[in-house]
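Please read through the structure below; I'll follow up with questions.
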Amino acid sequence: MKAVVFAGEGKVAVEDVQEPQIQDPKDAIVEVKLSAICGSDLHVLDGKTPGMRKGGVIGHEFVGRIAELGEGVAKHWEDTRVLGSFLIACGECTACLAKRFNFCDDRRALGLGELQGDLDGAQAEYVRVPNADTNLKTLSGALSGLSDEEAIFGGDILATGFHAAAASDIDADDVVVIVGAGPVGLMCAGAAQRMGAQSVLILDTDERRVRFGAEQLGFDGIVVGDDDVGAAVSGATGGKMATVAMDAVGAVPAFKTAIRTLTPAGGRATIVGVYGAERYELAMGRAWISGLRIQFTGMTNVQAYWDDALFAVAKGDLEPQKIVTHRLELDDAPAGYEAFASREAMKVLLSP
Ligand SMILES: NC(=O)c1ccc[n+]([C@@H]2O[C@H](COP(=O)([O-])OP(=O)(O)OC[C@H]3O[C@@H](n4cnc5c(N)ncnc54)[C@H](O)[C@@H]3O)[C@@H](O)[C@H]2O)c1
Ligand SMILES: [Zn+2]
Ligand SMILES: [Zn+2]
């Protein structure tokens with residue numbers, strides 16, 4: 001079958017690879033109808049997420065149809081339409097039973113390399129999904145009306161927005177700043193707004209990203225550079241500082257920006273973007289006196305938030321599909337990666 005594979009640092013290729021087989025009774029094989037390129041895929045290419053095999057299949061956002069089921073799968077039927085979770089959990093350990101799937105004893109992720117369980121990904125014609133009962137969601141009932149483009153983000157970035165908003169305890173008096181207006185930042189902004197935040201402001205160093213968020217989704221935004229970002233935020237919010245600032249980038253300069261936008265009276269910083277070996281020096285006294293709360297989300301707890309995310313879309317409260325700018329065939333994936341990495345594209349979808 002055709003698949004997008006890691007072809008060495010910075011490169012992907014479309015190659016013919018072996019079709020996945022059932023390896024465990026709890027596996028499902030899904031015929032992929034639609035997949036997408038995520039910021040986390042770029043980390044596989046840029047080396048921030050190490051341990052991807054050359055020839056390993058990338059990709060973890062997908063909607064498809066169940067082609068084959070292992071004997072141990074209890075909650076799915078062949079030939080049904082499903083959404084996949086990027087996070088692969090066991091569904092049975094103490095953490096999973098407490099619905100903290102992102103801290104599963106056997107936590108893995110699709111298409112993100114050896115450190116995440118060495119599972120082949122979903123930018124392919126077929127993908128093997130372990131523990132299918134936990135990691136696939138049937139798109140039935142109220143969700144059956146969702147198009148593939150509306151449903152696909154429930155398995156990663158939209159669930160991420162909901163997780164980040166919940167972790168930030170968003171309330172009606174919150175002034176929320178989102179640093180990084182890529183796909184993830186825009187989902188965080190949408191989720192914060194839906195949770196009733198007083199205001200939501202998106203920040204990005206790339207003017208095109210801020211403009212896209214404003215034009216397509218109606219968010220107020222600021223292009224950040226060397227200027228005093230605190231003053232810029234206060235100027236845009238009628239003199240207020242952020243009560244919640246989310247880092248939807250995963251880079252120390254962005255985290256610094258988030259901290260600088262926060263009120264000195266108990267602000268909350270929520271870190272959504274992926275970090276690797278970076279280090280950060282914290283001014284302890286300033287953090288202490290301002291009651292700074294820093295919350296890392298860790299991997300998104302997809303299975304705890306995908307219902308909320310998908311029902312919000314089904315009700316028409318959120319329109320995540322509006323971020324899609326490029327719809328490509330799998331064969332054109334390398335061009336899609338280029339467009340996404342250069343930020344010419346907001347979100348790239350791939351059809352096998
Ligand atoms: N926690 C999770 O489970 C989870 C899930 C999905 C994605 N992510 C992570 O979220 C992050 C964002 O993903 P994405 O798909 O939106 O990627 P993206 O690369 O498209 O978006 C990042 C955005 O940040 C902007 N940016 C870079 N440096 C900045 C700075 N200093 N200040 C302000 N903006 C800056 C870029 O211009 C870009 O628009 C990635 O690190 C990704 O791996 C985490
Ligand atoms: Zn992702
Ligand atoms: Zn588990």
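Each ligand, and each atom within it, is numbered from 1 in the order the structure gives. Please read all numbers here as calculations on a predicted model, not as lab measurements. Atom set for the values below is all heavy atoms of this structure, side chains included, hydrogens, waters and symmetry mates excluded.
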Q | Protein contact of atom 23 (C) of ligand 1 - nearest heavy atom, named by residue and atom, plus distance | A |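 Of the protein heavy atoms, Asp204 OD2, 3.7 Å lies nearest.
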Q: Mind checking whether Val274 contacts ligand 1 via backbone (N, CA, C, O), side chain (CB onward), both or neither, at a 4.0 Å heavy-atom cut-off?
A: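 Both of them.
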Q.
Please give me the minimum heavy-atom distance between Cys38 and Ile157, naming the atom from each residue.
A.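 Residues Cys38 and Ile157, closest heavy atoms: SG-CG2, 4.4 Å.
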(Q) Looking at non-hydrogen atoms alone, which of Ala36, Ser40, Gly39 comes nearest to atom 17 (O) of ligand 1? (A)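 Minimum heavy-atom distance to atom 17 (O) of ligand 1 goes to Gly39.
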Q: Report the nearest protein non-hydrogen atom to atom 18 (P) of ligand 1: residue, atom name, distance rounded to 0.1 Å.
A: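 Protein heavy atom at minimum distance: Arg209 NH1, 3.7 Å.
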Q.
Just to confirm my output: which protein heavy-atom neighbour is closest to atom 28 (N) of ligand 1, and how far is it?
A.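 Among all protein heavy atoms, the one nearest atom 28 (N) of ligand 1 is Val249 CG1, 3.6 Å.
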(Q) I need the contact type for Asp156 against ligand 1. Using non-hydrogen atoms and a strict under-4.0 Å cut-off, is it side chain, backbone, both or neither? (A)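 Side chain only.
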Q | ligand 1 versus Ala251: contacting region, heavy-atom distance under 4.0 Å | A |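 Looking at Ala251 and ligand 1, no heavy atom falls under 4.0 Å.
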Which side-chain N or O atoms in residues 209-229 pair as donor and acceptor under 3.5 Å with protein atoms at least two apart or in another chain?
unit_1: Arg209; atom_1: NH2; unit_2: Ala345; atom_2: O; d: 2.7
unit_1: Arg211; atom_1: NE; unit_2: Glu207; atom_2: OE2; d: 2.8
unit_1: Arg211; atom_1: NH2; unit_2: Glu207; atom_2: OE1; d: 3.0
unit_1: Asp228; atom_1: OD1; unit_2: Gly230; atom_2: N; d: 3.0
unit_1: Asp228; atom_1: OD1; unit_2: Ala231; atom_2: N; d: 3.3

Q: Give the residue, atom name and distance (to 0.1 Å) of the protein heavy atom nearest atom 22 (C) of ligand 1.
A: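 Atom 22 (C) of ligand 1 sits closest to the protein heavy atom Ala248 O, 4.2 Å.
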Q. Side chains of Ser85 and Gln303: is there a donor and an acceptor less than 3.5 Å apart?
A.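 A donor-acceptor contact under 3.5 Å links the two side chains.
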Q. What is the number of protein N, O or S atoms that sit under 2.8 Å away from the Zn ion (ligand 3)?
A.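 Under the 2.8 Å cut-off, the count stands at 4.
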Q.
Tell me the contacting part of Thr297 for ligand 1: side chain, backbone, both, or neither, using a 4.0 Å heavy-atom threshold, strictly below.
A.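 Answer for Thr297: side chain.
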Q: Under 4.0 Å, heavy atoms only, figure out whether ligand 1 is touched by the backbone of Val179, its side chain, both or neither.
A: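 The side chain, only.
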Q. What is the nearest protein non-hydrogen atom to atom 32 (N) of ligand 1, stated with its residue, atom name and distance?
A.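 It is Thr205 CG2, 3.6 Å.
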Q: Could you list the atoms of ligand 1 found under 4.0 angstrom from a heavy atom of Asp206?
A: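 That gives atoms 37 (O) of ligand 1.
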Q. Does Val272 have a heavy atom less than 4.0 Å from any atom of ligand 1?
A.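 Flag set, Val272 near ligand 1.
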Q: May I ask you to check whether Thr243 and Asp174 show a side-chain donor-acceptor distance below 3.5 Å?
A: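 Yes, a side-chain donor-acceptor pair sits under 3.5 Å.
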Q) Would you say the side chains of Ser40 and His60 form a donor-acceptor pair under 3.5 Å? A)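 No, no side-chain donor-acceptor contact under 3.5 Å.
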(Q) Using heavy atoms and a 4.0 Å limit, tell me yes or no: is Gly298 in contact with ligand 1? (A)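 Yes, Gly298 has a heavy atom closer than 4.0 Å to ligand 1.
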Q | N, O or S atoms of the protein lying under 2.8 Å from the Zn ion (ligand 2) | A |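 Those protein N, O or S atoms (cut-off: under 2.8 Å from the Zn ion (ligand 2)) are Cys38 SG, His60 NE2, Asp156 OD2.
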Q: Among all protein heavy atoms, pick out the one at the shortest distance from atom 16 (O) of ligand 1; state its residue, atom name and that distance to 0.1 Å.
A: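 Here the closest protein heavy atom is Val184 N, 3.0 Å.
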**Q.** By salt bridge (Lys or Arg N to Asp or Glu O under 4.0 Å) - contacts of Asp118 (at least two apart)
**A.**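 For Asp118, the residues satisfying salt bridge (Lys or Arg N to Asp or Glu O under 4.0 Å) (neighbours in sequence not counted) are Arg53.
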Q | atom 40 (C) of ligand 1 - nearest protein heavy atom and its distance | A |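 The answer is His43 NE2, 3.4 Å.
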Q: Please check if any side-chain donor atom of Tyr337 sits under 3.5 Å from a side-chain acceptor atom of Gln123, or the reverse.
A: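 Note: Tyr337 and Gln123 side chains meet the donor-acceptor criterion.
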Q) Under 3.5 Å, is there a donor-acceptor pair linking the side chains of Lys347 and Gln321? A)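 Gln321 and Lys347 do not have a side-chain donor-acceptor pair below 3.5 Å.
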